[in-house]
Number of protein chains: 2
Amino acid sequence: MTNKTYTALTAASGVESVLRLLEGRWKLVILFHLFGGQVQRYSDLEKLIPDISQKMLAQQLRQLEADGIVIRTDYKQVPPKVDYRLTPWGQALCPALDALLTWAENRNSLI
Amino acid sequence: MTNKTYTALTAASGVESVLRLLEGRWKLVILFHLFGGQVQRYSDLEKLIPDISQKMLAQQLRQLEADGIVIRTDYKQVPPKVDYRLTPWGQALCPALDALLTWAENRNSLI
DNA sequence: CGGAATCCAGATGGATACTG
DNA sequence: CAGTATCCATCTGGATTCCG
């Protein structure tokens, strides 16, 4: 924190890594279908997000899981049953996204 | 707001459009060099962000300007002088980014 | 049911050269 | 000084096919 440039770059890269967790065409849509403690099976998410391809759904869920945002539960049955829910940290993302939405809503009055 | 699916998709697309404003390899770095009322000339930003190419700096500034986040001032001198600062709305983004940073910091204690 | 593997098109960003 | 123009590599996401 000794000079402005260093601070700016540090904060910027911090926010950048956060945004990288949320980037990707579908992650936010998936997240919003899991907020509030909702638990969804893979096939539920396919139905809720009709335009997503299987590849993308699986890929984005893997990334969200690896990043500690969602929990994948495999019930090891035949036929397979797998479901997804948010981690506590994933749930805690909600207010931060709300702050962004609020910012967006203030556009007309603030520009 | 009549059912969960509709709400989820609406909120998701709202957040997605916000994130689209911030996407791009360099926008956040630029923003952090303008927060707090800082005013920077084009050449200042080139020095502050040594790895950015001229093409990207110009392009991302154009987009930030078009989105109402930064103000470009051309002093119409020879040699040219142009500077950039945040709009009030751009300044208001700071707390929202802070919320994201705070969320990121809570990762270890919440997962 | 819940994926993985492969192939492909379009978008994104970087390097370089040039300009009013 | 503050850009624009062009070309090229890479990356992202979509379509399709196949599997335990």
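Naming: A, B, ... by sequence-line order, numbering from 1 per chain.
- Atoms CD1 (B/Ile30) and C1' (C/dG13) sit 13 Å apart, rounded to a whole Å.
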### Task
Check step by step if side chain to side chain contact (heavy atoms under 4.5 Å, CB included) holds for A/Lys27 and A/Leu22.
CA-CA 6 Å; A/Lys27 278 187 189 167; A/Leu22 306 177; 5.6 Å; no
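- With distances taken from any side-chain atom of A/Met56 to the nucleotides D/dC7, C/dC1, D/dG13, the minimum falls on D/dG13.
- DNA chain D is contacted by both B/Gln59 and B/Lys47; B/Lys47 maps to the nucleotide lying nearer its 5′ end (nearest heavy atom per residue).
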### Query
Given the rule in the side chain to side chain contact (heavy atoms under 4.5 Å, CB included) test, do B/Asp83 and B/Asp44 qualify, once you have shown the distances and angles that lead to the verdict?
CA-CA 9 Å; B/Asp83 66 32; B/Asp44 293 332; over 6 Å; no
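- Remark: P of C/dA15 and CD of B/Gln54 are 12 Å apart, rounded to the nearest angstrom.
- Of all nucleotides listed (D/dG20, D/dC1, D/dG3), D/dG3 comes nearest to the side chain of B/Arg62.
- Going from atom NZ of B/Lys81 over to atom C1' of D/dG3 covers 17 Å, rounded to whole Å.
- By the 30° and 60° cut-offs, the orientation of the rings of B/Trp103 relative to A/Trp89 is parallel.
- One finds no side-chain N or O of B/Arg41 lying less than 4.0 angstrom from the OP1 or OP2 phosphate oxygen of D/dC1.
- For C/dC1, neither phosphate oxygen OP1 nor OP2 lies less than 4.0 angstrom from any side-chain nitrogen or oxygen of A/Ser43.
- Atom CG of B/Leu28 and atom C1' of C/dG13 are 16 Å apart (whole Å).
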### Task
Decide yes or no on side chain to side chain contact (heavy atoms under 4.5 Å, CB included) for A/Leu86 and A/Ile69, but give the supporting numbers first.
CA-CA 6 Å; A/Leu86 294 177; A/Ile69 296 172; 4.3 Å; yes
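- For D/dT12, the OP1/OP2 oxygens have no side-chain nitrogen or oxygen of A/Arg25 closer than 4.0 Å.
- Nucleotide C/dG13 holds its C1' atom 13 Å from the CD atom of B/Glu23, rounded to whole Å.
- Within the structure, a side-chain polar atom (N or O) of B/Arg72 is placed less than 4.0 Å from OP1 or OP2 of D/dG3.
- Summarising the geometry, the separation between CD on B/Glu46 and P on D/dC1 is reported as 9 Å, rounded to the nearest angstrom.
- Distance CZ (A/Arg20) to C1' (D/dT12): 15 Å, rounded to an integer number of Å.
- Side-chain proximity of A/Val82 to C/dG2, D/dG3, D/dC7: nearest is C/dG2.
- A close approach under 4.0 Å does occur between a side-chain nitrogen or oxygen of A/Tyr84 and OP1 or OP2 of C/dG3.
- Between B/Gln54 and B/Tyr42, the closest side-chain pair of non-hydrogen atoms falls below 4.5 Å.
- OP1 or OP2 of C/dG14 lies within a sub-4.0 Å distance of a side-chain N or O belonging to B/Trp26.
- Atom pair A/Leu61:CG and C/dA4:C1' shows a separation of 14 Å (rounding to whole Å applied).
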